Visitor: 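Questions regarding the structure given below will be posed in turn.
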Amino acid sequence: MSDSTLSSVRATEDQMLPGGWELIVGLEVHVELATRTKLFSGSPNRFGDEPNTNIDPVTLALPGALPVLNRQAVELAMRIGVALNCRIQPCIFHRKNYFYPDMPKAYQISQYDIPLNADGHLDLPSGVRIGVERAHLEEDTGKSTHVGGATGRIHGSDYSLIDFNRAGVSLVEIVSRPDIRTSEQAREYAAELRAIVAAIGASDAKMEEGSMRVDANVSVHKPGTPFGTRCEIKNVNSIRALGRAIDYEARRQIDVIESGGTIRQETRHWDDAEGRTHTLRVKEDADDYRYFPEPDLVPLDPGNDWIEAVRASLPPLPAARRAMLQELTGYDPQSEAVIVAVERGQHGYVKSIADAGGDPVRALIYVTQAFADAGENPTVPPADIAALTLLERDGKLSATQAKTILADIVANGGGDAAAIAAAKGFEAMDNSAVEAMVDEAIAADPDAWAKYCAGEEKAAGAIVGRVMKASKGKADGKVVSAIMQSRRG
Amino acid sequence: MATVPTTASAIAEAVASGRVTAREVLEQHLAAIDAREGEIHAFNLVTAEIARARADGIDADVRAGRPVGPLAGVPVAVKDNLCTRGVETTCSSQILRGWKPPYDATVITRLHGAGAVIVGKTNLDEFAMGSSTENSAFGATRNPLDTSRVPGGSSGGSAAAVAAGFSPVSLGSDTGGSIRQPAAMCGIVGVKPTYGTVSRFGLVAYASSLDQIGPFAVTVDDAALLTEVISGRDANDSTSIPAPPMSLRASVGAGVAGMRIGRVTDLPGGAEPEVEAALEAAFASLRAAGAEIVDVRLPSLSYALTAYYLIAPAEASSNLARFDGVRDGLRVGAADTNAMYGATRAAGFGDEVQRRIMLGTYALSAGYYDAYYGKALKVRRLIADDFARAYSEVDAILTPTSPVVAFRFGEKADDPMSMYLCDIYTIPTNLAGHPAMSVPFGTGAHGMPVGIQVLAPALGEQAMFRVGGALEASAGGAA
């Protein structure tokens, strides 16, 4: 894939690596589809069940068992294709043949020269467009656990255990073009892709559970010369690790080349603890997969009606959701609050609070702070939250008081903010009263005050704490901080 | 004891009407097995007790006035590559010895639904790879007509069971002729239906794009009856054609008046003179019955054997890869996983299976795919095109089933090429996915029977059975 004919994207000056090297990255991302059952059998697709309970003759490749394609898997794969602007086309399945104990048929049913989704793209939030070569359907393998031995790998282990629950689970492999030029872009691509597949309900895309797995093809070259030999980096288990692994691998390759060596095409393993990659297998040893058309399945032609139905049913994508929140709140689409709300699918809830007359900015903040576990459609009536935002905006409640009432409303599934405020005896304090309290607190703890004045910001906590105690939580933390800063001069 | 009829349809009628019990029918066939099975070795396993329980169940249904199916009480032998729930299914291979499937093949379910009584699992060339049943890991099957000769293969056990009277009908599988060729060599009727009309679910795969299950019978009418019972859409097989079960029995006696029957002018030669003579006699009888004989050309047929021995082994190399010692069946321990694979497969597979796995692996390998497998797929399309042109002129085509009559044990076992040539006339229809049947017609060398093959276009089973019925009707007068 590191063929220079496949990418015309050039790094900008500030994206170049030291020494005039250009980084070339393509990502292969596997996502497990959120199907009820497996890709070719009726066994449940569930993570974390007792080993070898979600199995059947097809999963175990018992003689005589035959695969039957899961319609829901095709539909979810098509959603990914539409979301990534792919051409959705009539396609076929191939067998990829290799022996491995957690691969019961000794072949994986995958797609080869004619994938379901082809030639799309993904626009990064930073504005760069990354080509998507293909997004094809395939089945997952089982999971091996190698017991004994130092490395946890099959070589040197005493014995191996195999769990076939994951064998046959639906995957879509999304292959980018080698258009990525920085590790930051790679992280951005992975994060945006994760947000998209989650937003469209295709996958829960949890890297830590393995339902989204990212492999990086990394090479370096000097602009104007052919692409360098690439190495494939596996075992990247978080978006942060992806950036670190690419940075490390680029540095390693440059060091090898600059010291007169050559890069071997190989698969390398990222060790997150050591912060380095090491050789897993060299390309020359790689299997010949003997791909050929899967004779147990017929060609898949989704047809225009189905494709258009999928297109029409697609919810707004993360970019559109972020743009909506930007419009509503004025926040940058890349701000933490906007990203969090969109990732949780709570953008619509923020909007409904604003539509109920609430203050949009506070609506966004409240939702990101207090609704982490509430899912896409919190049950608290938007009007209740809207009322609270207005009380804070109009100075009738301090931020701290509002937060207390918000927690109360969320815990009770709703509530009248004004009534709760009255019941708690909350009323906004005027600033002179707060100033007096601050002065009392400084007098009571001169050591903390001296440290704070010397620039030790942490020491402020002791003073603020005294004020809060004295005001029974009614003082506005922001006001307290402002008074302290003006006293410090 | 009441007189038991000989054909499946007559047995079913007699059982359903209560004139004879399914148990009586079964016991008579079990007695025939007892008498000659030691000599013939048609079966890997006779399931007498399971069969008795099922026969008694049918009789209870008849007594209670419950409806029984079109095969009520009919003993059926099934090839041992068809999965039978809880009953050992070996494919005549050491690697599967002792394996009991947790499910029935769809055809087994349909047989049970029709009231059939399965009497046992029949011998075959290991994994259906062979033309003589000599490749069975459990010993060869003998031809009931001359026990010094092979029954043909790979479904030799199913053919011999019917020819020996162990069951009136049986099921085999046909990947390159494995039903039709043994039917010809044992002097009975064998049918390979259109690819996709009979579910392959529960058939242990040899070459998935070619495999098709079909019946053996003494009469063309019984073969039609069995085909009707086992055909029809099955959601468990993605290659199953969305069509209802076929209606064929009415075609058997419909005659061939006005039909156009093809004679292949460029048929690859090499058939024994008696076989050629039988074919001429068959054309003459059809002409006499009112058919028109029309010359057709099938120029790509001469490449069929070569294409088959790339496509079938290629698929087999992948289909048989699952026998790796990790889960079911044989495992031969070794120092590491790769060595265990090698030791298990070397010990578990016979020579012919290993030969085809290696052939297929090679044909699919990087750098060879285009020259071998890819080219074979092109030949396959050319053959289909040839047939399509021919069937624009004719309703059916007649050829010999096998170029030779049943041969002696060992005669071809050490010469794979001459063994492969036994299937030269049967392989093209598998590549095209078309139906074909073998009908006994006359006698060849050494007094052994000759089979004539009727070929028809996809889903052309009705035309095929018309011709088959006409050949059967006139066969008494031939030779």
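Labels below follow one simple rule: chain letters A, B, ... track the order of the sequence lines, proteins then strands, and each chain is numbered from 1. Source: prediction; values computed, not measured.
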Visitor: For R87(A), enumerate each residue passing the side chain to side chain donor-acceptor pair (under 3.5 Å) test, keeping only those at least two apart in sequence or located in another chain.
Guide: Q89(A), D119(A)
Visitor: Considering only heavy-atom distances, could you tabulate the donor-acceptor pairs under 3.5 Å between chain A and chain B?
Guide:
residue : atom : partner : partner atom : Å
L60(A)  : O    : R327(B) : NE           : 3.3
A61(A)  : O    : R322(B) : NH1          : 3.2
L62(A)  : O    : R322(B) : NH1          : 3.4
P63(A)  : O    : Y103(B) : OH           : 2.5
G64(A)  : O    : G202(B) : N            : 2.8
P67(A)  : O    : S238(B) : OG           : 2.9
R95(A)  : NH1  : S318(B) : OG           : 2.9
R95(A)  : NH1  : N319(B) : OD1          : 2.9
R95(A)  : NH2  : N319(B) : OD1          : 3.1
N97(A)  : OD1  : S318(B) : OG           : 2.8
P104(A) : O    : R327(B) : NH1          : 3.4
P104(A) : O    : R327(B) : NH2          : 2.7
Y107(A) : OH   : R322(B) : NH2          : 3.1
D288(A) : OD2  : A366(B) : N            : 2.6
D296(A) : OD1  : R200(B) : NH1          : 3.1
D296(A) : OD1  : R200(B) : NH2          : 3.1
D296(A) : OD1  : S208(B) : OG           : 3.4

Visitor: Look at P293(A), A106(A), P295(A) and state which one has the largest set of heavy-atom pairs under 4.5 Å with chain B.
Guide: P295(A)
Visitor: Which residue out of V298(A), L297(A), L62(A) racks up the most heavy-atom pairs below 4.5 Å with chain B?
Guide: L62(A)
Visitor: Only counting residues at least two apart or in another chain, list the ones meeting side chain to side chain donor-acceptor pair (under 3.5 Å) with H269(A).
Guide: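 H269(A) satisfies side chain to side chain donor-acceptor pair (under 3.5 Å) with N235(A) only.
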Visitor: Could you look at A366(B) and say if it's the side chain, the backbone, both or neither that has a heavy atom under 4.5 Å from chain A?
Guide: both
Visitor: Checking heavy atoms, do the side chain of A363(B), its backbone, both or neither come under 4.5 Å from chain A?
Guide: neither
Visitor: Can you say whether L82(B) sits under 4.5 Å from chain A via the side chain, the backbone, both, or neither, judging by heavy atoms?
Guide: neither
Visitor: Give the minimum heavy-atom separation between L96(B) and P63(A), together with the two atoms involved.
Guide: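 Reported closest heavy-atom pair: CD2-CG, 4.1 Å.
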Visitor: Under a 4.5 Å heavy-atom cut-off, does chain A meet the side chain of P102(B), its backbone, both or neither?
Guide: side chain
Visitor: Go through the structure and list residues passing side-chain contact (heavy atoms from CB on, under 4.5 Å) with A347(B), not counting sequence neighbours.
Guide: L330(B), V332(B)
